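Source: prediction; values computed, not measured.
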Amino acid sequence: MSDDSSGSPHTLAADDESTHRDFWAETIADEVEARDPDEPIVVKGGVSPSGVAHLGNVNEIMRGYFVAEVLRDRGHEVRQVFTSDDKDPLRKLPRKLADADGQIVGLGEVDAGALGRNLGKPYTAIPDPFGEADSYAAHFAALLEADADRLGVPIEMHSNTALYADGTFDPVVSHVLANAETARDVLSEYQAKVDVEYVPFNPVCQECGKLTETVTNIDLDSETVDYVCTDMEVGDETIEGCGHEGTATFREGKLPWRFEWPGQWQVLGVDFEPFGKDHAEGSWPSGVDIAENVLDIEPPVPMVYEWFTLNGEALSSSAGNIVTVSELLDLLEPEVIRYFFALDPKKARDLDLSRLDQLVDDYDRFERAYYEGVDDESVTAFAEAAYPYVVDSVADDQPIRLPYTFAAVLGMVEERDLRIKLATDEGHIPADADEATIEAALARVEKARNWAERMDNAYNYRLQTDLPDTEFDESVESALDALADFVAAGHDGDEIQGEIYDTARDHDIEIGDLFEAGYRLFFDETQGPRLGEFLGELETEFVVGRLRRDR
């Protein structure tokens, strides 16, 4: 393979216009196949269990999943593996964690001391602060597995600690330490602190349990190293070593990350791995160099993905700008989340929770494009290629989808029968729909309702089923009756909104008073959504009766 294809994170197929694909995962699958890999083909992702398992961690799961599914459809046996880099040391305390259900909690709600007392130790050696799993790492890995399961992605989770403990990493560690001088020479091109005494191995101190970077001797025959437990520098902070001098086996330590990553490629037989642009600019070039010139293996097919932002800001556990899969599934269907990750991974995107309606609208158009086509040929082509991988299964008939904002309007209504009638009157549910179709369509209502409550937006109100106890001035009552006549004549929401202003002026009352009267009648509140537009979504007979204070 040429240097260009292994050392640069792009795909061969992407450079060949004759093999253009409408779905990026098919392009990656082409390149994987071009290497004629042994089966099963291995697709990999990985994460360090350092904090909350949030939506950003799903990048590698979903990017890998789409490629794996395309390869499976082409008749290949595929394993999608995911490594938890859990022998890494805890370097600093996270600001937030997530419980077993994926709900975010602060450190004040858990045994934070279990973390603070264990800085510098491997994640698998640190107790679960929730007191449930075997370790901090096990808790985090279980969250990721649960997230993958929630999104319908089958992954094999592998613990780095276990891979060292059972000897899987033995050949890699032995080879790297046997060729320590070559390893130093290669690494020095990418890392400043590499001197003649540098040894690419971090033993776990038998005395204090922390990882140390100071190896004083290597014994290849006995597969041991001698070490001194020295301080670890983490940014401007220092994690103090205990000074213990001891001996550790190759299984009682770990390779530094730049060696461990290509080591994973070797021991797991990785054929493809996606990764974020931070690795593309640092770890990937060194990984390729180490793979080819230290381990003598071929790197996997790479794919760099752009990070997405959340609400316009970078995802950050420490700053609290995160959302978990569990939280997002309260607001969206799984297929909408999968659609978000099916979009071009090379383009930066923002997931704005306040505008989830736009994302859902885009998904609905994508689905419509698959079944009947849309006016944008590129969207139709993408949908035809990607839709079968986004949904659990392709239905014979196009699913009935309520527009997200209309579903949010229905979320203001408590009565199921009224929800059905409103959706039917608006043409969103066919009049002859069976119960299963109705139930499937209404499933979006509670998610849109949750969105309204979380965002506290214009849809975060509850329509009063019964007429509230109200009392208005005669002039306001007259204006409400006139507005009722206007609605009864058949007008849409925009027209009703404008008529509210005209009616208030015609009856010589304050515009705000008429709006407040409307909010009191429908929500028993003094404020609410854009009243005219909301009334335009409701059943005309119901609106007219309520404006006339009859029902």
Side-chain angles (χ1 to χ4, degrees), residues 8-14 21-33 35 37 41-48 53-74 76 78-85 144-145 147-158 261 264-265 268 270-281 283-284 287 299-310 315 323-325 328 334-351 359 363 366 382 385-391:
S8 177
H10 68 274
T11 63
L12 293 174
R21 300 287 191 177
D22 293 307
F23 184 27
W24 57 266
E26 294 180 321
T27 302
I28 302 295
D30 288 344
E31 186 172 358
V32 173
E33 286 184 318
R35 292 192 179 188
I41 296 172
V42 177
V43 172
K44 179 188 170 298
V47 69
S48 179
H54 55 70
L55 194 66
N57 301 130
V58 177
N59 260 312
E60 292 184 40
I61 293 176
M62 292 309 306
R63 310 300 189 190
Y65 169 73
F66 288 124
V67 175
E69 285 295 282
V70 170
L71 288 168
R72 289 183 182 116
D73 268 4
R74 295 181 182 181
H76 298 286
V78 183
R79 294 170 57 210
Q80 185 173 357
V81 304
F82 206 81
T83 54
S84 175
D85 300 333
L144 278 177
E145 286 188 284
D147 285 346
D149 185 62
R150 291 181 180 108
L151 295 174
V153 179
I155 62 171
E156 299 175 26
M157 183 68 75
H158 290 269
W261 194 20
Q264 291 171 342
W265 300 339
L268 296 173
V270 179
D271 297 296
F272 164 66
E273 181 161 7
F275 47 85
K277 63 181 182 180
D278 55 335
H279 287 326
E281 299 161 359
S283 304
W284 171 255
V301 172
M303 187 194 78
V304 180
Y305 57 78
E306 272 283 349
W307 296 323
F308 66 86
T309 53
L310 179 66
L315 283 161
V323 63
T324 67
V325 170
L328 201 58
E335 54 267 34
V336 178
I337 300 176
R338 290 197 291 264
Y339 163 75
F340 179 80
F341 286 105
L343 298 170
D344 187 350
K346 296 188 295 294
K347 292 184 178 180
R349 300 181 191 281
D350 181 54
L351 181 64
L359 173 62
Y363 170 80
F366 165 77
F382 171 58
Y387 182 78
Y389 303 108
V390 169
V391 295

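Shown here for Ile155 and Ala148, the closest heavy-atom pair between the two residues is CD1-CB, 3.8 Å. Shown here for Arg63 and Ala342, the closest heavy-atom pair between the two residues is NH1-N, 4.5 Å. Between Gly64 and Phe272, the shortest heavy-atom distance links the atoms CA-CE2, 4.1 Å. Residue Gln80 comes nearest to Ala68 through the heavy atom pair OE1-CB, 4.3 Å, listed as atom of the first residue, atom of the second, then distance.
Contact annotation: the side chain of Pro37 approaches that of Val32 to within less than 4.5 Å [non-hydrogen atoms, C-beta and beyond]. Between Asp73 and Tyr389, the closest side-chain pair of non-hydrogen atoms falls below 4.5 Å. Counting only heavy atoms from C-beta outward, the side chains of Arg349 and Asp344 approach each other to under 4.5 Å. Using a 4.5 Å cut-off on side-chain heavy atoms (C-beta onward), Val325 and Leu55 make contact. By the 4.5 Å heavy-atom criterion applied to side chains, Phe66 and Ile28 are not counted as neighbours. Residues Ile61 and Asp147 have side chains not in contact (no heavy-atom distance under 4.5 Å, counting atoms from C-beta outward).
At distances below 3.5 Å, at least one donor-acceptor pair connects side-chain atoms of Arg338 with backbone N or O atoms of Leu151. Although no hydrogens or angles enter the test, the distance criterion places a donor-acceptor pair under 3.5 Å between the side chain of His54 and the main chain of Gly56. Although no hydrogens or angles enter the test, the distance criterion places a donor-acceptor pair under 3.5 Å between the side chain of Glu60 and the main chain of Gly46.
The CG atom of Leu315 sits 10.0 Å away from the CH2 atom of Trp307 when rounded to the nearest 0.5 Å. Ile337 contributes atom CD1, which lies 4.0 Å from atom CG of Leu328 (distance to the nearest 0.5 angstrom). A distance of 4.5 Å separates OH of Tyr363 from OH of Tyr387, quoted to the nearest 0.5 Å. We find the CH2-CE distance between Trp24 and Met303 to be 4.5 Å, quoted to the nearest 0.5 Å. From Arg150, atom CZ reaches atom CD of Glu145 across 11.5 Å, with rounding to the nearest 0.5 Å. Rounding to the nearest 0.5 angstrom, the gap separating the CZ atom in Arg74 from the CG atom in Asp30 is 4.5 Å.
The pair Glu69-Arg72 counts as a salt bridge, with a side-chain nitrogen and a carboxylate oxygen less than 4.0 angstrom apart. Here Arg79 does not pair with Asp271 in a salt bridge; the nearest charged N to carboxylate O distance is not below 4.0 Å. Between Glu306 and Lys347 there is no salt bridge, since no side-chain N of the basic residue sits under 4.0 Å from a carboxylate O of the acidic one.
Ring geometry for Phe366 versus Phe382: interplanar angle of 30 to 60°, hence tilted. Ring geometry, Phe341 versus Phe308: the interplanar angle exceeds 60°, so the pair is classed perpendicular (tilted spans 30 to 60°).
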